[in-house]
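Below is one structure, written out as structure tokens; the observations come after it.
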Amino acid sequence: MDTGNWSQVTEFIILGFPHLQGVQTYLFLLLLLIYLTTIMGNLLIFLVVCLDSRLHTPMYHLVSVLSLLELGYTAATIPKMLANLLSEKKTISFSGCLLQIYFFHSLGATECYLLTAMAYDRYLAICRPLHYSTLMTSTLCAKISVGCWLGGLAGPVAEISLVSQLPFCGPNHIQHIFCDFPPVLSLACTDTSINVLVDFIINSCKILATFLLILSSYMQIICTVLRIPSAEGKRKAFSTCASHLTVVLIFYGSILFMYVRLKKSYSLDYDRALAVVYSVLTPFLNPFIYSLRNKEIKEAMRRQLKRTGVLG
């Protein structure tokens with residue numbers, strides 16, 4: 001194909017939800033409220049875990065890292081989404097689009113690895129309680145956290161490198177609420193089958209592998225809990241896993257349908273709705289899931305409020 005007559009696209013237009021043009025202001029206010037709540041909730045959990053010595057355990061260390069991760073994960077997309085809701089142009093530069101894709105996917109991959117680490121922590125605590133303190137040490141927990149971050153940040157490098165070499169000659173309208181691989185690849189002026197295949201393989205390995213590891217951990221946890229003789233013991237064991245399992249089901253339930261597929265088989269509105277779930281709602285719900293369902297975090301919050309004089 002002759003590339004000499006192509007005019008290189010330097011920016012993209014993110015269409016968002018084109019059918020909701022009449023309610024952009026209301027959407028902006030709703031998304032802004034969700035974003036501010038997400039920031040405050042995750043920041044509160046992170047600070048409470050850091051400040052309260054009783055929560056300096058591997059489980060709560062991983063919870064605090066997850067809260068910190070959610071702050072970056074939402075910052076990769078929501079501020080630009082807010083700006084687009086009030087802007088007529090709704091544009092993003094080519095390099096800005098690639099950066100948004102990179103940070104969104106790298107932090108998303110980090111979350112996959114971190115949720116897997118949290119499942120392993122619960123497996124050790126419930127299935128091997130006598131060896132937990134010697135197996136899950138603070139040093140190992142720190143190494144796991146660093147490994148999750150490094151693995152996530154390295155994850156999308158190959159995909160970004162391939163996309164950056166594609167020619168884009170128009171149209172430049174992204175049929176999505178933010179820059180992502182599938183809608184950007186659909187705008188390339190050349191065959192993108194290699195990109196789609198690489199994207200599918202990487203996402204399948206990353207998402208399916210971590211999801212299967214989490215399921216494996218919980219299958220062994222369930223088998224162990226069912227052997228506990230007392231009903232109170234079973235309830236206590238399940239309660240320590242409920243928050244994490246809820247987050248896993250919400251997060252993986254949406255990204256599995258979105259990214260582990262070779263061909264597009266759903267409508268654009270379906271994809272946008274899924275994107276809202278894993279990019280906006282999951283980070284928003286995490287603080288409520290971990291704080292409202294967790295007695296120790298709620299008590300730690302009360303202690304910190306009393307210490308600061310907010311509560312008498």
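Counting from 1, the numbers follow the sequence of the chain as shown.
- Taking each heavy atom of Pro287 and Ile45 in turn, the nearest pair found is CA-CD1, 3.4 Å.
- Neither side chain, Asp52 nor Tyr60, offers a donor N or O lying under 3.5 Å from an acceptor on the other.
- We find the CG-NE2 distance between Leu66 and His61 to be 11.5 Å, quoted to the nearest 0.5 Å.
- Phe288 and Val248 end up in the same hydrophobic cluster when Ile, Leu, Val, Met, Phe, Trp and Tyr side chains are linked at under 4.5 Å.
- Although no hydrogens or angles enter the test, the distance criterion places a donor-acceptor pair under 3.5 Å between the side chain of Ser186 and the main chain of Pro183.
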Checklist line | Check against side chain to side chain donor-acceptor pair (under 3.5 Å), Asp199 and Asn203 | finding: CA-CA 6 Å; Asp199 191 36; Asn203 284 327; 3.0 Å; yes
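- Within the model, atoms CD1 of Ile78 and OH of Tyr73 stand 9.5 Å from one another, a figure rounded to the nearest 0.5 Å.
- Nearest heavy atom pair, residue Pro283 against residue Thr38, reads O-CG2, 3.6 Å.
- Counting only heavy atoms from C-beta outward, the side chains of Thr74 and Val280 never approach each other to under 4.5 Å.
- The distance from the OG1 atom of Thr116 to the OH atom of Tyr123 is 15.0 Å, given to the nearest 0.5 Å.
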Margin query: Assess the residue pair Leu82 and Leu32 against the criterion (side chain to side chain contact (heavy atoms under 4.5 Å, CB included)); give the C-alpha distance rounded to whole Å, side-chain angles, the decisive distance to 0.1 Å, and a yes or no.
Written below: CA-CA 7 Å; Leu82 288 168; Leu32 179 62; 4.1 Å; yes
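- In this structure the side chain of Asn84 never reaches within 4.5 angstrom of the side chain of Phe178, judged on heavy atoms.
- Panel note: side chain Glu111, backbone Leu107; no donor-acceptor pair is recorded below 3.5 Å.
- In this structure, the side chain of Tyr120 does not engage the main chain of Leu115 through any donor-acceptor pair within 3.5 Å.
- Without hydrogens or angle criteria, Gln304 side chain to Val48 main chain gives no donor-acceptor distance under 3.5 Å.
- Taking 4.5 Å as the limit, every side-chain heavy atom of Cys112 sits out of range of all side-chain heavy atoms of Phe211.
- Closest approach of Asn195 and Val163 over heavy atoms only: ND2-N, 3.8 Å.
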Check: What do the steps show when you test Thr57 against Cys141 for side chain to side chain contact (heavy atoms under 4.5 Å, CB included), and what is the final call?
Finding: CA-CA 9 Å; Thr57 63; Cys141 189; over 6 Å; no
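- Not a single donor-acceptor pair under 3.5 Å links the side chain of Thr137 to the backbone N or O of Ser133.
- A distance of 12.5 Å separates CG in Leu86 from CE in Met81, rounded to the nearest 0.5 Å.
- Ile194 and Leu98 are not part of a single hydrophobic cluster, where members link through side-chain heavy atoms under 4.5 Å apart.
- Centroid-to-centroid, the aromatic rings of His244 and Tyr218 come within less than 6.0 Å.
- The line from CG of Leu31 to CZ of Phe284 is 11.0 Å long, rounded to the nearest 0.5 Å.
- For the atom pair Ile92 CD1 and Ser87 OG, the distance stands at 12.0 Å (nearest 0.5 Å).
- Residue Tyr278 forms a ring pair (Phe, Tyr, Trp, His ring centres under 6.0 Å) with just one option from Tyr252, Phe257, Tyr259, and that option is Tyr259.
- Side-chain atoms of Ser254 do not come within 3.5 Å of backbone N or O of Leu274 as any donor-acceptor pair.
- For Gly152 against Ala109, the heavy-atom pair with the smallest separation is CA-CB, 3.9 Å.
- Tested against Leu15 for a side chain to side chain contact (heavy atoms under 4.5 Å, CB included), the candidates Lys90, Gln175, His176 yield a single pass: Gln175.
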Next item on the list: Go through the steps for Arg122 and Ile221 under the test side chain to side chain contact (heavy atoms under 4.5 Å, CB included), then give the verdict.
Entry: CA-CA 8 Å; Arg122 290 301 82 205; Ile221 288 172; 4.0 Å; yes
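- Under the 4.5 Å side-chain heavy-atom criterion for grouping Ile, Leu, Val, Met, Phe, Trp and Tyr, Leu249 is connected to Val277 within one hydrophobic cluster.
- Atom NZ of Lys234 has more than 12 neighbouring heavy atoms from other residues, nucleotides or ligands inside a 6.0 Å radius.
- There is a path of hydrophobic side-chain contacts, each under 4.5 Å, that joins Leu62 to Leu135.
- Of all heavy-atom pairs between Asp121 and Pro58, the closest is OD1-CB, 3.7 Å.
- Within 6.0 Å of CZ in Phe94 there are more than 12 heavy atoms belonging to other residues, nucleotides or ligands.
- Side-chain N/O atoms of Asn286 and Glu70 include a donor and acceptor closer than 3.5 Å.
- Aromatic rings from Phe12 and Phe168 are positioned such that their centres are separated by under 6.0 Å.
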Next item on the list: Using the salt bridge (charged side-chain N to carboxylate O under 4.0 Å, His left out) rule, take Glu232 and Arg235 through it: C-alpha gap first, then chi angles, then the decisive distance, then the call.
Entry: CA-CA 5 Å; Glu232 178 62 22; Arg235 186 199 64 77; 2.7 Å; yes
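- Formation of a donor-acceptor pair under 3.5 Å by the Thr37 side chain with backbone atoms of Leu33 is found in this model.
- When all heavy atoms of Ala117 and Cys148 are compared, the pair lying nearest together is CB-SG, 4.4 Å.
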Checklist line | Criterion side chain to side chain contact (heavy atoms under 4.5 Å, CB included) on Ile174 and Cys97, from CA distance to verdict | finding: CA-CA 10 Å; Ile174 294 177; Cys97 187; 3.9 Å; yes
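- Distance alone, capped at 3.5 Å, places no donor-acceptor pair between the His173 side chain and the Ile14 backbone.
- Checking side-chain atoms of Ser67 against main-chain N and O of Val63 turns up a donor-acceptor pair under 3.5 Å.
- Residues Leu114 and Met59 fall within the same hydrophobic cluster, defined by Ile, Leu, Val, Met, Phe, Trp and Tyr side chains chained together at heavy-atom separations under 4.5 Å.
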